[in-house]
Amino acid sequence: MIIKNVSLETVCGITSKLPETDKPEIAFAGKSNVGKSSLINGLMNRKALARTSSSPGKTQTINFYNINDQMYLVDLPGYGYAKVSKSEQEKWGKMIERYLHGSKQLKAVFLLIDIRHDPSANDRMMYDWINHQGFRPIIIATKLDKIKRSQLQKQVKLIRTGLGMPAQAPVLPYSALTKQGREEIWEYMEQFINEE
Ligand SMILES: Nc1nc2c(ncn2[C@@H]2O[C@H](COP(=O)(O)OP(=O)(O)OP(=O)(O)O)[C@@H](O)[C@H]2O)c(=O)[nH]1
């Protein structure tokens with residue numbers, strides 16, 4: 001997709017009413033600090049519209065980015081950040097559930113996993129949960145530039161096994177530094193957007 005204009009259209013806090021948009025939505029989930037804001041900025045060709053930070057746990061809102069008045073990228077709050085209280089995390093869990101369950105326009109959910117690490121218990125829970133909500137999560141393995149090329153297959157396999165993924169399901173590696181993988185992710189997103 002050629003990005004002509006993007007804007008942060010809606011920011012939802014924990015008690016906000018979720019918007020009912022009339023354009024396809026693609027959502028992004030992942031644990032705090034996995035590189036979600038960096039990915040969303042990269043997909044939008046923007047340096048810093050989505051907040052990036054080295055202090056994790058900042059994104060405690062659901063953000064709707066309008067792309068070309070054609071679709072929305074939906075940034076879900078990062079999970080698993082220890083400094084956010086259990087009760088707060090539970091509230092967010094319910095809010096995300098409300099969104100996944102309630103959105104009429106949600107076409108796909110991408111789940112981000114750091115390519116260097118085994119998926120955590122929280123990652124597995126999120127993966128199962130997205131499945132349970134009726135979506136097939138597409139995995140994006142972030143921070144590709146942090147591993148050697150020779151480690152790629154091994155790390156992808158760790159992610160597959162760790163999440164219990166079916167053989168054909170894709171794992172899309174991405175680096176926010178080099179933008180490697182950006183086109184493949186857009187190709188996937190466009191398939192979902194064009195699907196009826
Ligand atoms: N080397 C490298 N660093 C990355 C990459 N993606 C993100 N980072 C860094 O990882 C840190 C976290 O990135 P963010 O994009 O803020 O992560 P987030 O998932 O939005 O984090 P939360 O706000 O906690 O939800 C930042 O210091 C980024 O610069 C990547 O592909 N390569």
Side-chain angles (χ1 to χ4, degrees), residues 3 6 8 10-14 16 25-65 67 72-86 88-97 99-100 109-127 129-130 137-152 154-156 158-159 163 170-186 188-189:
I3 309 289
V6 297
L8 174 52
T10 311
V11 177
C12 293
I14 195 105
S16 306
E25 297 165 9
I26 306 268
F28 296 86
K31 89 169 182 219
S32 170
N33 217 34
V34 69
K36 200 151 46 61
S37 308
S38 304
L39 168 71
I40 291 174
N41 282 325
L43 292 173
M44 299 191 299
N45 288 339
R46 292 294 183 276
K47 277 217 165 70
L49 187 55
R51 286 151 304 167
T52 50
S53 64
S54 43
S55 59
K58 286 274 155 56
T59 322
Q60 294 296 321
T61 48
I62 299 183
N63 295 350
F64 288 72
Y65 295 93
I67 312 289
Y72 291 92
L73 299 186
V74 181
D75 187 0
L76 299 173
Y79 53 81
Y81 181 49
K83 282 194 183 157
V84 176
S85 71
K86 263 246 151 55
E88 188 76 359
Q89 290 196 30
E90 270 165 27
K91 277 190 211 153
W92 272 111
K94 291 224 166 68
M95 177 83 165
I96 296 173
E97 190 166 9
Y99 171 64
L100 294 185
V109 183
F110 286 71
L111 176 61
L112 279 60
I113 308 281
D114 190 318
I115 200 156
R116 294 169 295 174
H117 309 308
D118 254 347
S120 66
N122 276 333
D123 291 330
R124 275 196 296 277
M125 229 159 63
M126 194 69 192
Y127 180 81
W129 197 45
I130 296 167
I138 312 286
I139 304 302
I140 297 179
T142 62
K143 310 196 183 183
L144 174 60
D145 55 277
K146 298 248 191 190
I147 60 164
K148 294 202 189 85
R149 195 184 285 248
S150 59
Q151 293 176 295
L152 177 62
K154 181 174 153 261
Q155 293 310 112
V156 167
L158 275 182
I159 292 176
L163 295 175
V171 174
L172 310 175
Y174 176 75
S175 163
L177 224 61
T178 65
K179 305 291 182 293
Q180 195 181 338
R182 182 182 181 277
E183 293 314 311
E184 288 82 354
I185 296 171
W186 264 114
Y188 263 91
M189 293 203 295

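Along the sequence shown, residues are numbered consecutively beginning with 1. Order of appearance sets the numbers: ligands from 1, and atoms from 1 within every ligand. In this text the structure is predicted, and so the values were computed from the model without any measurement.
- Expressed to the nearest 0.5 Å, how far OH of Tyr65 lies from CG of Asn41 amounts to 7.0 Å.
- Put simply, the side chain of Pro173 does not reach to within 4.5 Å of the side chain of Gln155, judged on heavy atoms.
- Residue-to-ligand polar distances place Ala176 within reach of ligand 1: an N/O pair is separated by less than 3.5 Å.
- When Leu39, Leu76, Asn33, Ile115 are ranked by how near their heavy atoms come to atom 22 (P) of ligand 1, first place goes to Asn33.
- When each of Leu172, Asn45, Leu39 is checked for a side-chain contact (heavy atoms from CB on, under 4.5 Å) with Arg182, only Asn45 meets the rule.
- Side-chain atoms of Ile139 and Tyr127, non-hydrogen and from C-beta on, do get closer than 4.5 Å to each other.
- Around atom 18 (P) of ligand 1, the closest heavy atom drawn from Gln180, Lys143, Lys36, Lys146 belongs to Lys36.
- Remark: distances from the non-hydrogen atoms of Ser175 to ligand 1 include one below 4.0 Å.
- Atoms of ligand 1 found under 4.0 Å from any heavy atom of Ser38, numbered from 1 in the order shown, are 6 (N), 7 (C), 13 (O), 14 (P), 15 (O), 28 (C).
- Inter-residue side-chain proximity for Ile3 and Leu43 is flagged as unmet; no heavy-atom pair is nearer than 4.5 Å.
- Contacts with ligand 1 closer than 4.0 Å are made by side-chain heavy atoms of Asp145 only, the backbone lying farther away.
- For ligand 1, the atoms closer than 4.0 angstrom to any heavy atom of Ser37 are 15 (O), 18 (P), 20 (O).
- Considering backbone and side-chain N/O atoms, Val34 comes within less than 3.5 Å of an N/O atom of ligand 1.
- Expressed to the nearest 0.5 Å, how far CG of Asp114 lies from CD1 of Ile140 amounts to 13.0 Å.
- Looking at ligand 1, you won't find any N or O of Thr142 less than 3.5 Å from one of its N or O atoms.
- Within 6.0 Å of atom CD in Glu97, more than 12 heavy atoms from other residues, nucleotides or ligands are found, so the atom counts as buried in its surroundings.
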